Amino acid sequence: MKARVHVTLKSGVLDPQGKAIGHALEALGFSGIGEVRQGKVIDLEIDETDADSARIQVEAMCQKLLANTVIENYDIELNP
Amino acid sequence: MKARVHVTLKSGVLDPQGKAIGHALEALGFSGIGEVRQGKVIDLEIDETDADSARIQVEAMCQKLLANTVIENYDIELNP
Amino acid sequence: MKTAVVVFPGSNCDRDVKVALEQSAGPGVQMVWHKETSLPDGLDLIVLPGGFSYGDYLRSGAVAAHSPIMREVKARAEAGTAVLGICNGFQILTEAGLLPGIMLRNRDLRFLCKDVCLKVETSQSLFTARYESGETIRVPIAHHDGAYFVDEEGRRSLEDNSQIAFRYCDEQGHVTPESNPNGSISNIAGVFNESKTVLGMMPHPERLSDVALGGTDGRGLFDSLVETLS
Amino acid sequence: MNKNANPDTAVEITPAIAAEHGLTTEEYALVQDIMGRTPNLVELGIFSVMWSEHCSYKSSKKWLKTLPTTGPHVIQGPGENAGVVDIGDGLAAVFKMESHNHPSFIEPYQGAATGVGGILRDVFTMGARPVANLNALRFGAPDHPKTRHLVSGVVAGIGGYGNCVGVPTVGGEVNFHPAYNGNILVNAMTVGIARADRIFYSAAAGVGNPVVYVGSKTGRDGIHGATMASAEFGEDSEEKRPTVQVGDPFTEKLLIEACLELMETDAIEAIQDMGAAGLTSSSFEMASKGGTGVELDLDRVPVREEGMTAYEIMLSESQERMLMVLRPGSEETARQIFEKWDLDFAIIGELTDTGRMVLRMRGETVADLPIDPLAKASPEYERPWSLAEAPAEIAPEDAPATDDVMASLAGLIASPDLASRRWVWEQYDHMVMADTVQRPGGDAAVVRVHGTGRGLAMTADCTPRYCLADPKRGGAQAVAESWRNLTAVGAKPLAITDNMNFGNPERPEIMGQFVGCTEGMREACLALDYPVVSGNVSLYNETNGQAIAPTPAIGGVGVIDDISKMATMALKRPEEFLVLVGDTHGHLGASLYLREVHGREDGAPPPVDLAAERRNGDFVRAMIAAGEISSCHDISDGGLLVALAEMAMAGGLGAEIEIPESWKAAPHAWLFGEDQGRYLLSVPDPESVAAAGKAADVPIHRLGVTGGDTLNVAGIGTISVAALASAHDAWFPDLMAAERGGPET
Ligand SMILES: Nc1ncnc2c1ncn2[C@@H]1O[C@H](COP(=O)(O)OP(=O)(O)O)[C@@H](O)[C@H]1O
Ligand SMILES: [Mg+2]
């Protein structure tokens, strides 16, 4: 099974990267750009066919390693 | 309109970050982990209601700045 | 030799390289702010210094490559003016398309600051005339994204046109996997453009150009430029 | 409260809300007394941060006042953003150390990074260009499940911030001990250089002068962070988590350049960074120091989020912000500079002569409180304290022996507290600015004063196991060791900054540690003419009643007039003579030998004879200046043999020594004893050094010669320098190999 995890900064947390990207896009002449936020996407293959137990596993990975829930949110998509 | 851009390394390009995550997950006791790849996700708000012209704009942003197409692929999702 | 150092927001080796340049060439190096749209007339050399332009957010050098001044830098480079990019300057040159390839995160993922040995691949350039081909020099690196990457075809063409300026090597001058600090393809530490008027390199020659700092191997590069461009 | 009411003013304040803000019943009563009414939420928030341990130093003030803070070269002692000392040529060194312990435990990368950002701001606020960073780190046991993750994140965070702003990180220290399992220490120090006649202060002046906000926008970051940093961790720390902030070193770099550019003009009357407790403490302190009042229009504060309340704006700890009072008519000059650097610039208020802080928002007065009474009434406690019983001295003959001295040496040199820190400092750009003339790895780092032949030497030191065993000796030893490390490179020590890290001061035994350490520091500072010019206190470093070891981290700064005379510890050439300066008693109590070889942490730490310390150090410094010395290293953790091994490894050269015949006790006590006030030198002409020593009343002992590729102790054993070096270098990377790679922030 394939899993895609998005790790993004919580909404109140400053995102200097996103801010810089927004400025750079404006400087390049793109207009009407609102908030820009940058996060991580992690694609992984796991040897598991059952969606429920896959989700439990990936959830544990997020909690333990992939995200720091102090400042980040994560969400999980499974692609069997 | 909101746009989400995924920027991921092309398949031939080495991804030490992804590899390290894979190792770290194994060290934490997760088993059966195949390939892991890490990429970026960029969420942006643009002041545009038409999906087609939004896509054209975001496409241009990717080409000009958000991705380096020497090593990266990108894909665009729009959420009106 | 008339030289300009471009200062981007977040450049932090601009003064260091100015000091090293002036040590070799005498005073008069001009600092040019990135928001300028033109460069001084009659420049012999343009330097893009090290640092973290725009925080190196998104990709190292990516945002700086689009600053107003870069249009002018490109035009001058195309007209044959010598351009030197050190560290972040090298990253900017690749992002701007003035040099082939791109820098990826270091193999071990960590920022790495230490002295390394470099093999000077050729003395046949504006930048390396004062070195011997094959000479080993000691110069520091300090980067997080320094793993040079270029596809196989690109690598071959760099080799075929002798566009590789420096490779990481051991103290004896052997280019080995162990002496590759960051996972660069073929141990590449610096490359030229086809006409060898543009050089990008990850190591910092300006940091070992003064005995008080523990070495002067980097000084040869600045002395070469003075010799070839004056 | 009705739905449309302004939460800033409409919330009915109860004693329970006051308690939630960390105010005791007595403190809250005092608040009501000062206000003459019940405060609203904004006012309560302001009192709570101003009276928090972090801002008020209420537990520590009484003791900090006992430290010597003056001296002929001191331009500014404690009380400003950083200390300032004269270094000659019209220049001044500006420096301070500060902790970011709790945030780093919760989010190691960002916690450590923002710690660096904060201390940088303290220094450039005073008009100094930051020229070096140091960091003093304490982690739990190496095999504790959290340790690697914390080490990896903290080191990456310190590097991530310092490298990006382009200030070299040149030194520091790292210890590992189970006492820090639940509370790591991350202390960051910045040293800057300013013109001695262009120092900027924080006291506001000039009624009607504009109050200006510059830097990043204000978000809802770390609201109540300052109070969090003063509350003991409990199991509910999860709840307090969202109080960690993300640093933006790029903006900081712009802020440094913009502020220094503005400081070239005459625009600034007063300036203050927004640190813990953000806009509240910066505006309050500026007005309080200047004896003025201040009025702010919070609608003009640049904000990052919609709908922020006055309470949030005043208490936010968003990073990379500064507050200034400008001289009349200079607003446009200032605005242009900040706009050039793409930074926010906003005139948010003005100084008044009312002695009050008045805050307005959306046409309403949201706070109105008296400045002086609040500041004067700031609590100061004389907390009860008790000294733990001093541990027994361990006589040299009572310390257990080792069957294999060289194997013990090899073990020590690869032990957690003595192994090479290369893995750490290679992640720090320690050469940017191209003035680092002594890189990490020596006794002190040395940074050339740009464009001159002088150098600033700097070091961070503390031996917590000594402080735990005997706080007073430990406090004195920490100061003495920093003085010794500066001396060992040839520098004249000038002054220190201190970062006092302790457990819960409400416990008498912890307060006793604080009192003891301070007393030891005081004595050492006085004896060595080495005053305290700045510092920081971090209390409540304990979890579930488990306190850290008392850790008064000392940051020392000294000056070398001629860097070409600087000493380093690497052995330089064969057939030179090894000379020991100072007396050896074989003191093994609380030593690393006992701990690492025998698993024992008992015994009294070594006493510090401050008069001998000074004599020996002054002598060594004079010998370095006279060009008599090829290499020099002070003797500290692990004792003489470890010091010799460090010199040998650094130089890639062996040596042979002999235990003096006069030594009657066991050899291991002579080799591994941690007696203070000693230096090991290699010299070309030992007679000349001995004669000078005699004249100066300094004990000099010839121990042996340099040469070969092994370390020999006659009659005891031999070991290869290369083998030692590889064990020394391998420990840290081996420890961290398993941590290669969580995704980084
Ligand atoms: N966290 C750190 N950052 C940078 N350098 C460090 C750090 N920890 C230790 N070092 C460097 O490693 C060397 C050895 O440190 P330490 O054993 O504490 O020295 P000393 O015993 O002389 O006080 C010193 O040069 C010190 O500056
Ligand atoms: Mg030392």
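Numbered from 1 within each chain, the chains take letters A, B, ... in sequence-line order. Source: prediction; values computed, not measured.
To the nearest 0.5 angstrom, A/Ile42 atom CD1 is 8.5 Å from B/Leu25 atom CG. Here CZ of A/Arg37 is found 12.0 Å from CZ of B/Arg4. Values are rounded to the nearest 0.5 Å. B/Asp43 contributes atom CG, which lies 9.5 Å from atom CD of A/Glu35 (distance to the nearest 0.5 angstrom).
The local environment of NZ in B/Lys10 is crowded, with over 12 non-hydrogen atoms from other residues, nucleotides or ligands closer than 6.0 Å.
When heavy atoms are compared at a cutoff of 4.5 Å, A/Ala3 does not approach chain B at all.
With A/Met61 as the partner, the side-chain contact (heavy atoms from CB on, under 4.5 Å) test is satisfied by one option alone out of B/Ile33, B/Leu28, B/Val36: B/Ile33.
Top candidate by heavy-atom pairs under 4.5 Å with chain B, chosen from A/Val41, A/Leu44, A/Asp47, A/Val5, is A/Val41. Interface summary for chain B: among A/His6, A/Glu48, A/Lys64, the most heavy-atom pairs under 4.5 angstrom belong to A/His6.
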Could you go through the side chain to side chain contact (heavy atoms under 4.5 Å, CB included) check for A/Lys40 and B/Lys40 one step at a time?
-> CA-CA 5 Å; A/Lys40 283 176 285 209; B/Lys40 283 178 277 218; over 6 Å; no

